[in-house]
Participant: 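I am attaching a structure below and will ask some questions about it afterwards.
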Amino acid sequence: MDVPEKPTLDGIEEKWTARWAEVDPYAFDRAAALTAPREQVYSIDTPPPTASGSLHVGHVFSYTHTDIVARYQRMLGKHVFYPMGWDDNGLPTERRVQNYYGVRCDPSLPYDEGFQPPEKPGKDQLPISRRNFVELCEQLTAVDEAAFEELWRRVGLSVDWSNVYRTISASSRATAQRMFLHNLARGEAYAQEAPTLWDVTFRTAVAQAELEDRERPGAYHRISFHGPAGPVFIETTRPELLPACVALVAHPDDERYQPLFGSTVRTPLFDVEVPVVAHRLAEPDKGSGIAMICTFGDLNDVTWWRELQLPTRAIVGWDGRVLADPPAGVPAGPYAELAGKTAFSAQQRIVEMLRESGDLDGDPRPITHQVKFFEKGERPLEIVTTRQWYIRNGGRDADTRAALVARGREIHWVPEHMRHRYENWVEGLNGDWLISRQRFFGVPFPVWYPLDEAGEPVFDQPILAPEESLPVDPSSDVPAGYTEEQRGVPGGFAADPDVMDTWATSSLSPQVASGWDTDPELFAHVFPMDLRPQAHDIIRTWLFSTVVRSHYEFGAVPWSHAAISGFVVDPDRKKMSKSKGNATTPIDVLEKYGTDAVRWRAAGARPGADSPFDEAQMKVGRRLAIKLLNVGKFVLGLGASASSSADLVTEPLDQALLARLGVVVAEATAALDAYNYTRALEVTEAFFWQFCDDHVELVKTRAYGSDEAAASAQAALALALSVQLRLFAPVLPFVTEEVWSWWQTGSVHRAPWPVAGELPSGGDPAVLLAAAETLAAVRKAKSEAQVSMRADVATATVHAPADRVPLVEAARVDLENAGRIATLSVVPGDGPLTVDVELAETPPDA
RNA sequence: GGGCGCGUAGCUCAGUGGUAGAGCUCUCGCCUUACAAGCGAGCGGUCGCAGGUUCGAUACCUGUCGCGCCCA
């Protein structure tokens, strides 16, 4: 027994973080787990935070939620497989490296072996080779990840720190490439040249899941096309696409345009002949009801182009500027006025030209409308025809869609209603999953192409890397049968230039973390995993894509449970995020209130529910942690010990306490089994405060003694403390470990989760209730008399319903002590329990 | 426009077909030998609104208003 004189929370995180790093109570025992039945293993598909980002209080909350579950499962005796990952590949890292070092990747440059980044980023970005760029990405993420790990240890996450993965590691790259090859072999992945949503800033394709609609000002321009029977007016927000016009379209039922269907009109300025066609997607109420179809202004254009088999007249390039040369059949004269311009200035110029030619009817009519953006981008998306890799996700196939919806129903969602998010998304898909990105820091496609005599790639004869060679980098590795000298020369080969989108790797987090590629025996034992914890904003991306990959490869869902955390929001209910500037830095809060206090607050946020950040709440958690220290010290100072036996608990009030605690244990356990950590904490905490304020106060005088009644009190207090420390342990890992260490051996986090069976049966909780009610009445009398709780009571008369009289009698001695009551009488009465209190005269010179 | 969630005390949130709950805030009181970073007591709500089911609705149903999120 080693109880400090003055218990404190100060330094408790440093102390136990260091200790845990030493003894590692959270280590996953692979050998033992492999011999245990699967249900004795609990595996968690930890979300890998974006290494280039920053962690705020919202992250701390949601990772704490997962940690509570992990700690609970561990105390149940399971082998908890709880890895950590860092998502370090992809665009966010590229952007961070560009800004941090002031560089940019130019794949045409050769590798510079001795390259050192500038001390300070220069005014202009320094172009460096792809390999140098990737090296900087790796360096910087390693630094970022070390900082993340330190924070997570401070938060007390019971992660197995020997099992950390990175989405850019060789193993992750091999996994992503191998899975891609499997998808390709089964026809689930394919490449296609097609119109694609395109971010002109990052110069990459983006997927449907990365889109965001934003309100932007625009204007309807009323433009006349030249028909045989006079002008046909269309209204468009993008007049600059006029040279890309391939048809006009109206709704088939629109009577105004019936005569025009099947005929042709000529475009203004360019005088190109285009057909007038009918299609159900044309909206009669919008503008003049007839629209121009351009290749490509928006997704409707793509649909029309595809379904109506229209020609292609692309005018927007990868950089978002109007191409230098006009499409076939479009006269070069007026086009030259637009060539090389951005969409914005091309629009200004063409409006001038239309005014001059008299084809603009009236002034443009300003509107605001929804425009599609890349969620990380700042300029509206264009649609550019490019060759891209896709994975089928049901967006073009009802059977796959139905199968994926069915998979979603195999998952146990917490909370249940989050399933709708998943189903809505799957059912709303309108295309396959575009996984290729025209970027640098990512997993390359393990593919080369032979080059024909003209030096053009033969796309339909891809050279695939053999699985045993993975991971490969086709831009530096050479396919079998070729030599490096043949790279890029006619008759030689060329690498697929793209990398996979981040989600294409992180969708394999269960496989990466569980050793699909490196430890098949382990993988077989922890997959499908038990839990996917994540926030609701990435159900459409991370969660869905993980289901897709698992569905194809294993014909199974990747986990049995998906626990969805809400956001931490600011007082205006806006999501906390760094970009909004309303994010709270976690380390300050952790230092100010202590980790346990912050975790306590986190545990108060129910699964799926957003919760406002309020510092005042942290104080309450801190108070709880301090209370645990103090009551622990007190109970142990009374002589309670780890060897106290339940058999010693003979007093009815003590038995009542433990009976009540047994109910709490059952409720908390049921709540945690249902992933309702909030409820578990609530019932534990409510009991705890009653334990401190009522039970301890009632028995403390008796417990000071050395007779059988004292032994009963001490044993009950010891049992109650032990059970409560364990109930609190998942939420408050530091303070519970501290108090546990005063009198127990080993870590509380390896102690068995409490069960009602370890508490004596037969007690009547009503005794405690009746005693507490009586004590409250006495306290109220003292409070109203404005005297100290130590004030003596001459007589107290309890009027209780007849059946409660024995309950009060059972606690008589404790009540007399706690209330300082000289004469306590208990008489049967008619109404509810009341107490007449007569205070003793205060000695005049006391 | 479609989907989902939420409206209960000043704030944050529980809750149940049978007399409205907790914590925080606020007010009053108490130095009580575990804790004044504490303890005791008190103030505070026609449970968003309107119908319906029911002996009885804050809870169940319908509608409606407001807020939030997701998707068009």
Side-chain angles (χ1 to χ4, degrees), chain A residues 3-10 208-209 211-213 299-300 370 372 413 415-430 535-541 544 564 566-569 571-575 593-594 597 600-601 604-638 640 671 676 678-679 681-683 685-686 689-694 696-697 700-701 703-704 717 721 739 742 775-792 818-820 832:
Chain A
V3 185
E5 189 53 39
K6 203 74 180 136
T8 175
L9 295 179
D10 295 343
Q208 185 182 352
L211 302 186
E212 199 169 276
D213 282 348
L299 292 174
N300 266 347
Q370 301 281 338
K372 287 198 187 310
W413 295 77
E416 232 292 320
H417 66 80
M418 287 295 172
R419 175 198 316 280
H420 296 288
R421 296 276 190 101
Y422 174 90
E423 293 189 0
N424 278 356
W425 175 253
V426 177
E427 281 158 2
L429 287 168
N430 54 30
H536 52 70
D537 55 336
I538 50 175
I539 289 174
R540 64 179 184 168
T541 48
F544 172 60
I564 310 297
F567 294 139
V568 172
V569 294
D572 296 330
R573 299 260 161 192
K574 296 287 174 223
K575 180 191 173 186
Y593 299 99
W600 173 86
R601 177 65 192 92
R606 311 184 95 78
D610 291 349
S611 101
F613 180 77
D614 175 10
E615 266 199 48
Q617 296 290 321
M618 307 290 167
K619 292 183 194 158
V620 183
R622 183 169 178 86
R623 210 168 63 116
L624 172 65
I626 292 171
K627 194 78 174 175
L628 270 162
L629 287 178
N630 284 319
V631 81
K633 177 195 162 193
F634 180 63
V635 163
L636 297 176
L638 287 170
N676 192 347
T678 306
R679 171 79 187 149
L681 174 61
E682 212 169 79
V683 296
E685 208 182 338
W689 286 107
Q690 204 202 358
F691 169 75
C692 291
D693 295 341
D694 291 343
V696 170
E697 291 300 329
K700 63 165 48 159
T701 307
Y704 281 129
L717 289 171
L721 180 65
V739 176
W742 296 341
L775 181 60
V778 173
R779 283 167 168 168
K780 180 167 176 169
K782 293 181 180 179
S783 210
E784 282 173 352
Q786 304 205 336
V787 298
S788 159
M789 289 299 134
R790 281 180 72 196
D792 288 330
R820 300 177 74 95

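A note on names: the letters A, B, ... follow the listed sequences, proteins ahead of strands, and every chain is numbered from 1. Computation of the quantities below employed the complete heavy-atom set of this structure, encompassing side-chain atoms and omitting hydrogens, waters and symmetry-equivalent molecules.
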Participant: Nearest to the A:Met789 side chain among B:A14, B:C4, B:G40, which nucleotide is it?
Facilitator: B:G40
Participant: Which nucleotide, in any strand shown, forms a Watson-Crick or G-U wobble pair with B:A20, with both distances under 3.5 Å?
Facilitator: none
Participant: Does B:G42 have OP1 or OP2 under 4.0 Å away from a side-chain N or O of A:Lys780?
Facilitator: yes
Participant: Is it true that a side-chain atom of A:Arg622 and a backbone atom of A:Tyr593 form a donor plus acceptor pair closer than 3.5 Å?
Facilitator: yes
Participant: If you look at every strand shown and take non-hydrogen atoms under 4.0 Å, does A:Glu784 touch a base, only sugar-phosphate, or nothing?
Facilitator: nothing
Participant: Where the side chain of A:Trp425 meets the backbone of A:Arg540, is there a donor-acceptor pair that is under 3.5 Å apart?
Facilitator: yes
Participant: With C1' as the reference atom in both, quote the distance from B:U54 to B:C39 in angstrom, rounded to an integer.
Facilitator: 46 Å
Participant: Which whole number of Å gives the distance between the P atom of B:C26 and that of B:A14?
Facilitator: 24 Å
Participant: How far, in whole Å, is B:C35 from B:G29 if one measures between their P atoms?
Facilitator: 24 Å
Participant: Between B:U53 and B:G10, how far apart are the P atoms? Round to whole Å, please.
Facilitator: 33 Å
Participant: Select from A:Asp10 and A:Pro7 the residue whose nearest nucleotide in RNA chain B is closer to the 5' end of that strand.
Facilitator: A:Pro7
Participant: Determine the Euclidean distance between corresponding C1' atoms of B:U19 and B:A59; express it in Å to zero decimal places.
Facilitator: 16 Å
Participant: When you get a sec, tell me which of B:A34, B:G23, B:G40 is the closest nucleotide to the side chain of A:Val620?
Facilitator: B:G23
Participant: Scan nucleotides 66-72 of chain B nucleotide by nucleotide, 5' to 3', and note B when protein non-hydrogen atoms come under 4.0 Å of the base, S if they reach only the sugar-phosphate, - if neither.
Facilitator: ---SSSS
Participant: From B:C13, B:A34, B:C4, pick the nucleotide closest to the side chain of A:His417?
Facilitator: B:C4
Participant: The side chain of A:His420 is closest to which nucleotide in this list: B:U12, B:A34, B:C4?
Facilitator: B:C4
Participant: Could you tell me whether a side-chain N or O of A:Lys782 sits under 3.5 Å from a main-chain N or O of A:Gly819, the two making a donor and an acceptor?
Facilitator: yes
Participant: Counting distance only, does the side-chain N/O of A:Asp610 pair as donor-acceptor with the main-chain N or O of A:Phe567 below 3.5 Å?
Facilitator: yes
Participant: What's the closest nucleotide to the side chain of A:Glu697 if the choices are B:G40, B:A34, B:C28?
Facilitator: B:A34
Participant: How far does the C1' atom of B:C67 sit from the matching atom of B:C24, given to the nearest Å?
Facilitator: 23 Å
Participant: Taking 4.0 Å as the cut-off, does a side-chain nitrogen or oxygen of A:Arg623 come that near to OP1 or OP2 on B:C24?
Facilitator: yes
Participant: Look through every strand shown and name the nucleotide pairing with B:A41 as Watson-Crick or G-U wobble, where both distances are under 3.5 Å.
Facilitator: B:U27
Participant: Given B:U12, is OP1 or OP2 found less than 4.0 Å from the side-chain N or O atoms of A:Arg601?
Facilitator: no
Participant: Are A:Phe634 and A:Leu717 side-chain neighbours, meaning at least one heavy-atom pair lies under 4.5 Å?
Facilitator: no
Participant: Base, sugar-phosphate alone, or nothing: which one does A:Trp689 contact when heavy atoms must sit under 4.0 Å apart?
Facilitator: sugar-phosphate
Participant: Any donor-acceptor pair under 3.5 Å linking the side chain of A:Arg820 with the backbone of A:Ala791?
Facilitator: no
Participant: Taking only the P atom of each, what is the distance from B:A37 to B:C49 in whole angstrom?
Facilitator: 42 Å
Participant: Does B:A34 have OP1 or OP2 under 4.0 Å away from a side-chain N or O of A:Lys700?
Facilitator: yes
Participant: Rounded to whole angstrom, note down the P distance from B:C11 over to B:G48.
Facilitator: 14 Å
Participant: Give a yes/no answer on whether the side chain of A:Tyr704 brings an N or O atom under 4.0 Å of OP1 or OP2 in B:A34.
Facilitator: yes
Participant: With a 3.5 Å cut-off and heavy atoms only, can you find an N or O donor on one side and an acceptor on the other between the side chain of A:Glu685 and the base of B:A22?
Facilitator: no
Participant: Counting just side-chain N and O atoms, does A:Lys627 come under 4.0 Å of either OP1 or OP2 of B:A37?
Facilitator: no
Participant: Which nucleotide, B:U12, B:A14, B:A34, lies nearest any side-chain atom of A:Arg606?
Facilitator: B:A14
Participant: Any idea which of B:C39, B:U32, B:A41 is nearest the A:Ala776 side chain?
Facilitator: B:A41
Participant: Can you tell me the base-pairing partner of B:G68? Count Watson-Crick or G-U wobble geometry only, both distances below 3.5 Å, and say none if there is no partner.
Facilitator: B:C4
Participant: Return no unless some side-chain N or O of A:Arg790 is found under 4.0 Å from OP1 or OP2 of B:G29.
Facilitator: no
Participant: In the strands shown, is B:U62 matched to any nucleotide by a Watson-Crick or G-U wobble pair with both distances under 3.5 Å, and which?
Facilitator: B:A50
